[in-house]
There are 2 protein chains.
Amino acid sequence: MKRKITLKHIARELEVSISTVSKALKNSAEISDDTKQKVQAFAKLYNYRPNNLAISLKSRRTNNIGVIIPDIVHYFFTTVFRGIEQYSKKHGYNVIACVSDESLEKEIVNMEMLANGSVDGFIMALSAETQKTKDFDHLRQIKDLEIPLVLFDRITDEVECDKVLINDKEAAFTAVRKFIDNGRKRIALITTEDYFSVSQGREAGYRQAHESCGLAIDEDLILRLSFRDLDEGDINAFFDARDVDAVLCVNEIFAAHSMNLVQQKGVKVPEEMEFIGFTDGILSKYAKPGLTSMAQHGFKMGEIAAKMLIDRVESNLGEEEEPYRTEIIKSTLVERGSTLNTIPAKLV
Amino acid sequence: MKRKITLKHIARELEVSISTVSKALKNSAEISDDTKQKVQAFAKLYNYRPNNLAISLKSRRTNNIGVIIPDIVHYFFTTVFRGIEQYSKKHGYNVIACVSDESLEKEIVNMEMLANGSVDGFIMALSAETQKTKDFDHLRQIKDLEIPLVLFDRITDEVECDKVLINDKEAAFTAVRKFIDNGRKRIALITTEDYFSVSQGREAGYRQAHESCGLAIDEDLILRLSFRDLDEGDINAFFDARDVDAVLCVNEIFAAHSMNLVQQKGVKVPEEMEFIGFTDGILSKYAKPGLTSMAQHGFKMGEIAAKMLIDRVESNLGEEEEPYRTEIIKSTLVERGSTLNTIPAKLV
DNA sequence: AAACATCACGAAAACGTTTTCGTGTTAATA
DNA sequence: TATTAACACGAAAACGTTTTCGTGATGTTT
């Protein structure tokens, strides 16, 4: 890499001091118009740009945000990331993106790499392993260093910080109520292992909806799949052995996949079996039939998370600490062809 | 943010000099075992971590890579990103991710933000606007600064640098030949506006496959869609007015979408019409029927791009410049239910 | 003419490292 | 005992900024 032009070069060339150059470029009143013009012209000519590292070192602010997500291939995380990136960029911050790959260790390594001056704060969704083992020491360390932290979606109550999530419980409630309103009685839930905070919330909503209608819950209708490799056999076996007339899935992959499998067996969707997924992503849109879905509004979630973090970073300079906040984004029902009595005209 | 512990603190506390502390922590032979032990123990106790910014400023190396992609919501870019991130992390680099949103201006702004010391090099795929306007000044500026640059997928011949792409032409050729081998004669091509480098390559392959079989090309069978908003009307009108028995699409969204639309009209896939898409992503996997696809191996592409960049960054210190390289990743055909004579047993 | 302001600029410290070079102390050699 | 080598460490410069404070040269007021 070529050596970039610095204040020192300009100073030497123009036979003034470094301080003068620095001030002239900032239009300081201390410097005469004459000198300012000369310096600015020279700087422009040689396309001078201040070195970010030096500024950061001096100011103890990097204008970088660390984002750690379990997985970037999934639509939901991607959209959140997009929201974070856009809001951050608009406010002069760059985003350093790390993927924890659902591993606690990678989460820790990533945090440590960034926590030593590379970043002004973190936005993250916890990895599966972190949620499973409930090991939050690394988060506490970040807090001890007084580095701002925002958790989204996959959160924990054991760490105090700003948080953004959707109303998982209510969303699942809404979905199941829709099934019940449509006359369904044998409603399956396809979910993950139960240590995920979101799955817990959604399962709670599933149960509450049943209770609110006096419908008994058949525990046998709850299928827990590994998030890593969803095995077709498991799903097929589940449906073969049970009488099911509606299915709520905690993500769109489970939904699209199981919907495909039952259709392959000749089950008619939505007439004989209705489906609702979570995450109104690209799969839901292009599934056949279109998948009714609880939209998570990832983009907005990302924007809000970024706003919370940046506000925190910038207020940190100022007055006393503000209390931590938890923002809830309302999930909304997007109706498509996998449920009945929905869009009257054409089923997308 | 709390003030982190520094060499100076340790030095003061232990009544030695900063240099001694620095050397002791690096296990320098200059320092007595006694002092080393003391310093290291103290550093460990107070959890000392060197400040990345200071090191970067000194060494003129950030260990950050700037990645600029047009869009992160699309499966292909996401996978490439994943490959970049994983390889980089493994080699001690962090990734700063920027989304150009298909806009030339955002591409420029992002580059300029990062080019002033935030990053050791860039990996990017050109935005739509950049490919359209052929304005590459920002890339040349980066080259002038001698900041390494790797282009992938969406490239240009007008800038010399390392590049990674798939064999677009051959891939399309393969796909179309498969149609022809299956007895298809009216093969449509659904592509984008023609300024995309990848679409150009794929169209060339489409044409060449026809020629190689003495099949005339009906220009009327080529549909060019805007990449921004794909209008159902356009697609429906296209199929209504034409006799088509096979469709090659330059991406999986076009493929999934048009396949859904023709099926809605009662066309049987694959019997009456076969489909092949590009990007073997999640949509291809869960479409109904499963979408036969030219896999782009994004993850591998990302890994290679990262390797090329890091090699360049690290060799930059050393001897004379190596010549620029262009790596071609072979696309492979993944057969599913949207084409005939494929997987004999069960059609996924 | 003396006292004071204002102006325009420079010196230097600071941010937190790394690294080169010098130096005082001790031990080994002649 | 005088010379040298090895050892263990410190001073200081450097990376590229920002910012405080000091100061000499003018211009303005009594």
Side-chain angles (χ1 to χ4, degrees), chain A residues 1-40 42-43 46-64 113-120 145 317, chain B residues 1-40 42-43 46-64 115-120 145 317:
Chain A
M1 271 221 263
K2 205 189 236 170
R3 227 25 182 277
K4 288 202 62 180
I5 186 169
T6 74
L7 292 184
K8 197 193 280 192
H9 297 139
I10 304 185
R12 198 173 294 154
E13 212 64 28
L14 264 41
E15 297 185 309
V16 292
S17 75
I18 295 183
S19 348
T20 303
V21 177
S22 175
K23 289 170 193 164
L25 289 175
K26 302 192 126 52
N27 254 316
S28 158
E30 266 184 272
I31 306 296
S32 71
D33 288 348
D34 227 44
T35 325
K36 275 190 215 170
Q37 300 232 330
K38 238 182 290 179
V39 172
Q40 290 175 6
F42 190 93
Y46 286 93
N47 198 25
Y48 168 78
R49 296 272 178 261
N51 180 311
N52 291 333
L53 288 174
I55 295 183
S56 292
L57 179 60
K58 186 99 227 303
S59 64
R60 263 183 244 97
R61 286 275 305 282
T62 63
N63 280 267
N64 286 158
M113 266 188 96
L114 297 185
N116 304 113
S118 299
V119 126
D120 294 334
L145 291 171
L317 315 171
Chain B
M1 268 218 267
K2 206 188 238 170
R3 235 8 193 282
K4 289 203 64 180
I5 187 170
T6 72
L7 293 182
K8 197 195 281 189
H9 295 139
I10 304 184
R12 198 175 294 154
E13 212 65 28
L14 264 43
E15 297 183 309
V16 292
S17 76
I18 294 181
S19 348
T20 304
V21 178
S22 175
K23 290 170 192 162
L25 291 175
K26 303 192 122 52
N27 254 317
S28 157
E30 268 183 88
I31 306 296
S32 71
D33 288 347
D34 226 42
T35 327
K36 275 192 216 172
Q37 300 232 332
K38 239 182 288 179
V39 172
Q40 289 175 5
F42 191 94
Y46 286 93
N47 199 25
Y48 167 79
R49 297 272 177 263
N51 180 311
N52 291 333
L53 288 174
I55 296 181
S56 292
L57 180 60
K58 187 98 226 307
S59 63
R60 265 184 242 95
R61 286 274 307 280
T62 63
N63 281 266
N64 285 157
N116 304 114
S118 298
V119 126
D120 293 334
L145 290 170
L317 315 171

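These numbers were taken from a predicted model, which means no experiment stands behind them. In what follows, every chain begins at residue 1, and chains take the letters A, B, ... in the order their sequences are listed.
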| request: Please work out if A/Leu7 contacts a base, only the sugar-phosphate, or nothing of the nucleic acid, heavy-atom cut-off 4.0 Å. | output: base

| query | In terms of side-chain heavy atoms, does A/Thr35 have a donor or acceptor partner in A/Ser32 at a distance below 3.5 Å? | reply | yes

| query | Do B/Ser19 and B/Ser22 have a side chain donor and acceptor closer than 3.5 Å? | reply | no

| Does B/Lys36 make a side-chain N or O approach to OP1 or OP2 of D/dA8 shorter than 4.0 Å? | no

| message | Which heavy atom of B/Ala11 sits nearest to which heavy atom of B/Ile18, and what is that distance? | response | CB-N, 3.8 Å

| query | Can a side chain N or O of A/Ser32 be found less than 4.0 Å away from OP1 or OP2 on C/dA8? | reply | no

| task | Could you tell me whether the side chain of B/Lys58 has a donor or acceptor atom within less than 3.5 Å of a complementary atom in the base of D/dG16? | result | no

| query | Under 4.0 Å between a side-chain N/O of B/Tyr48 and OP1 or OP2 of C/dG16, yes or no? | reply | no

| Any side-chain heavy-atom pair from B/Glu13 and B/His9 closer than 4.5 angstrom? | no

| Check: A/Gly117 main-chain N/O paired with B/Asn52 side-chain donor or acceptor under 3.5 Å | no

| Base, sugar-phosphate, or nothing: which does A/Ser56 touch, judged by heavy atoms less than 4.0 Å apart? | nothing

| Does OP1 or OP2 of C/dT17 have a side-chain N or O of B/Lys26 closer than 4.0 Å? | no

| task | Please determine if a side-chain N or O atom of A/Ser19 lies less than 4.0 Å away from the OP1 or OP2 oxygen of D/dT18. | result | no

| request: Considering just the side-chain nitrogens and oxygens of B/Arg61, establish if one lies under 4.0 Å of OP1 or OP2 belonging to D/dC15. | output: no

| query | What does A/Ser59 touch in the nucleic acid at a heavy-atom separation under 4.0 angstrom: a base, only the sugar-phosphate, or nothing? | reply | nothing

| field | First encountered from the 5' end of DNA chain C, between A/Arg60 and A/Thr20 | value | A/Thr20

| Residue whose nearest DNA chain C nucleotide is more 5′ - B/Lys23 or A/Leu57 | A/Leu57

| query | With respect to the phosphate group of D/dG16, does any side-chain polar atom (N or O) of A/Arg3 fall under 4.0 Å of OP1 or OP2? | reply | yes

| When you measure from the side chain of A/Ala54, which nucleotide among D/dT18, C/dC21, D/dG16 comes out closest? | D/dG16

| field | Presence of B/Ser17 side-chain N/O under 4.0 Å of D/dG10 phosphate oxygens OP1/OP2 | value | yes

| To the nearest angstrom, how far is B/Asp33 atom CG from D/dC9 atom C1'? | 14 Å

| query | Under 4.0 angstrom, heavy atoms only, what part of the nucleic acid is B/Thr6 near: base, sugar-phosphate, or nothing? | reply | sugar-phosphate

